[in-house]
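Keep in mind the model is a prediction, meaning the values are calculated, not measured.
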Amino acid sequence: MSLFLRPSFSKGIPNTFLRKKRKWPHSPYKTKWHHLFDQQQAMQNLKQLASSPPPSQIQGKTQNPNKTPYLLSCLVTSFKAYDCEPTTGAYRFLVKTLTQNSQFTELDLVLLHLQNFEKFETPERLFSDLIRIYGDNGMFREAIDLFFRIPKFRCVPTVCSLNSLLSILCRNEEYIQLVPEILTRCRIMNVRIDESSFSILISTLCRIRKVDYAIKLLNSIIDDGFEPDRKVYSLILSSLCKQKATSSSQVIGFLREMKRVKLCLSIVDFCNVIRYLLTKGKNIDAFGILNDMKTEGIKPDITCYTMVLNGVIEEGDFIRAEELFDEILIFGLIPDVNTYNVYINGLCKQDKVEEGYKMIGWMENLGCKPNSETYKIVLEAFCKLREFNRAGEIWREMKLKGAQNLHAYRIMVCALIRRSEIVEAFQLIEEMVNRGFVPSSSTIEEMISVMCKAGFVAEALLMLRKVFDHAIVLQAGAWEALLLGLKLNPGLTNATLANLVNT
DNA sequence: TTAGGGTTAG
């Protein structure tokens, strides 16, 4: 206050108004400043009161839910003390504090007070935030009621609060069904829906795998003159690609449609289409999409190339695979471990396993560390060619580098069994189980089946014992193989069996 | 540069 008096004193003019009226002179500037200052003081006071527990709680009494909640009375008294009207900020503070403490009964009374006793226009933001909070707490009915009550708070609901409501309802299986009715009521209330609301609805339809409906809605809003953004199209495309029942003509058709409406297609869109085509075995079409990308001016990244390279190799088109690998390098892309794995697999498919093995050295020199899968590919290829000595060498290298994994163990165990090195195979199974590589039931089934066919029924039973120790559930196939093995080995006496099972 | 997305074969 002294700051205000200083200028008049410094000029030596006596403040006669103050002396005569014993009141501060009013200037619009001072009034506004004072008003804001008072509100700030009241707000500070409110926060201070809120941080200390209410007297009833100190005395250990429970509050009467019908009485004015403590925080609300703090708000009223604080602002009264400074002779000013409560601000929206104060109410937002109350809403935040009460919702954080899950005091929703108190919150209802605060809202009622805001609705009936205040005069100011409540900002819509308060409602959209509260609707989200209600949604997070599973209070969908309260959220809907609040939305339709907004006009009572001297506020015009717009698409902002509607979108809040739509996004929470669309996340709930039960309340999602109320969305059409709510949209109809909104039309009566003159709440203008725009692209953002449709985007919520389309995303929801995609999420619940009703992509056909999403496309229908997209088409109908375009007819109504709306211009959905690229993200909506991308989402539909990605959902189409994820849906098993989608035909490739549907996917390609939608991609064409995106091009037709002159949307700026992204690398993700192309990537999704490529992945979809590859899963459908349309490897050559996937290669075509990669070329389309380039003509559209989008540089495919290493992931796109790796996927397409794999498709081309699957087709057995090794010349094109070589060209593609060269193209990766020419474009300045750095192949990563996945790319090398795909490429090495291609070499192995052509029985160029030694070349594949050499590639591991080259990739290491180029700073790309091979992983367990890299070795596994080569290991498996050597086993397939029955080059067990080379496989053994790879296995030892893998051991040195700690690159053994579950698949590699499975391959080695099967290779040993095929070579009738049953003792070694057992040792390896023991080792893998001890190292935490629990074989899957299908692996066990495969091992038991191989063992039984090779006549090692007793050993297969021993393995069964190990399997039980690890609580692995066996599929019917394993039991079948065992029974067949037992039938083929009548020499296996009951005593031997009992001995094996009790080991 | 990142985002999200990628590899075997039984």
Side-chain angles (χ1 to χ4, degrees), chain A residues 206 230-231 234-235 237-242 251 264-281 283 286-287 289-290 293 298-316 318 321 324-325 328 332-353 356-357 359-360 363 368-385 391 394 398 403-415 417-418 439-450 453 475 477-478 481:
Chain A
C206 286
R230 195 182 63 82
K231 280 185 193 164
S234 288
L235 183 70
L237 180 70
S238 126
S239 309
L240 268 178
C241 290
K242 277 180 197 151
V251 171
C264 190
L265 291 165
S266 78
I267 189 166
V268 180
D269 298 323
F270 282 108
C271 239
N272 284 334
V273 175
I274 288 175
R275 200 178 323 103
Y276 165 82
L277 291 170
L278 290 172
T279 53
K280 292 277 170 186
N283 300 324
F287 180 76
I289 296 291
L290 186 85
M293 267 178 101
I298 296 169
K299 187 182 165 188
D301 64 6
I302 195 64
T303 308
C304 286
Y305 270 110
T306 307
M307 282 195 291
V308 175
L309 182 67
N310 188 45
V312 167
I313 287 171
E314 218 165 74
E315 281 302 306
F318 301 112
L324 215 50
F325 198 80
I328 291 173
L333 290 168
I334 301 164
D336 62 15
V337 66
N338 296 317
T339 323
Y340 282 114
N341 287 355
V342 168
Y343 185 75
I344 291 171
N345 180 54
L347 290 173
C348 292
K349 270 195 154 189
Q350 300 168 74
D351 292 340
K352 297 177 181 170
V353 191
Y357 177 68
M359 196 80 200
I360 298 181
M363 67 188 272
C368 180
K369 208 178 160 222
N371 60 16
S372 317
E373 297 304 300
T374 322
Y375 285 102
K376 194 221 89 182
I377 294 164
V378 177
L379 179 81
E380 191 161 34
F382 274 129
C383 288
K384 223 177 208 171
L385 292 178
I394 303 292
M398 288 176 81
Q404 295 145 308
N405 63 9
L406 184 65
H407 301 291
Y409 267 108
R410 201 201 68 207
I411 293 161
M412 268 319 269
V413 168
C414 290
I417 292 168
R418 238 177 282 163
S440 67
S441 59
S442 63
T443 309
I444 295 286
E445 186 178 320
E446 187 187 332
M447 286 180 186
I448 290 183
S449 162
V450 171
K453 273 179 198 156
Q475 302 296 313

Write down the protein N/O and nucleotide N/O pairs, taken from nucleotides 2-6 of chain B, whose separation is under 3.5 Å; answer none if there are no such pairs.
residue	atom	partner	partner atom	Å
dG4(B)	N2	Val268(A)	N	3.4
dG5(B)	N1	Asp301(A)	OD2	2.7
dG5(B)	N1	Thr303(A)	OG1	3.1
dG5(B)	N2	Asp301(A)	OD1	2.6
dG5(B)	N2	Asp301(A)	OD2	2.5
dG6(B)	O6	Asp336(A)	OD2	3.4
dG6(B)	O6	Asn338(A)	ND2	2.8
dG6(B)	N1	Asp336(A)	OD1	3.2
dG6(B)	N1	Asp336(A)	OD2	2.5
dG6(B)	N1	Asn338(A)	ND2	2.7
dG6(B)	N2	Thr306(A)	OG1	2.6
dG6(B)	N2	Asp336(A)	OD1	2.7
dG6(B)	N2	Asp336(A)	OD2	3.2
dG6(B)	N2	Thr339(A)	OG1	3.2

Any Lys384(A) side-chain N or O less than 4.0 Å from OP1/OP2 of dA9(B)
no

All side chain to side chain contact (heavy atoms under 4.5 Å, CB included) counterparts of Val337(A), not counting sequence neighbours:
Asn341(A), Met363(A), Cys368(A), Asn371(A), Thr374(A)

Let me confirm one number: the SG-NZ distance from Cys206(A) to Lys242(A), rounded to the nearest 0.5 Å.
9.0 Å

Got a donor-acceptor pair under 3.5 Å from the side chain of Asn310(A) to the base of dT7(B)?
no

note: Leu324(A), atom CG; dT7(B), atom C1'; distance rounded to Å ~ 14 Å

Can you check whether Leu379(A) reaches His407(A) side chain to side chain, under 4.5 Å on heavy atoms?
no

Which whole-number value in Å describes the distance from Lys369(A) NZ to dT7(B) P?
21 Å

Rounded to whole Å, please give me the gap between CG in Leu347(A) and P in dT7(B).
18 Å

Whole-Å distance between dT7(B) P and Ile313(A) CD1?
12 Å

Atom-to-atom span, CG of Asn345(A) to P of dT7(B) - whole angstrom
12 Å

In whole Å, I'd like the distance from the NE2 atom of His407(A) to the P atom of dG10(B).
13 Å

For Asn338(A) and Glu373(A), test the side chains for any donor-to-acceptor distance below 3.5 angstrom and give the result as yes or no.
no

Taking atom P of dG10(B) as reference, at what distance in whole Å does atom CD of Glu380(A) sit?
7 Å

Enumerate donor-acceptor pairs with a distance under 3.5 Å from any side-chain N or O in residues 342-349 of chain A to protein atoms, sequence neighbours excluded.
residue	atom	partner	partner atom	Å
Tyr343(A)	OH	Glu322(A)	OE1	3.0
Tyr343(A)	OH	Glu322(A)	OE2	2.8

What do you reckon, is NZ of Lys299(A) surrounded by more than 12 foreign heavy atoms closer than 6.0 Å?
yes

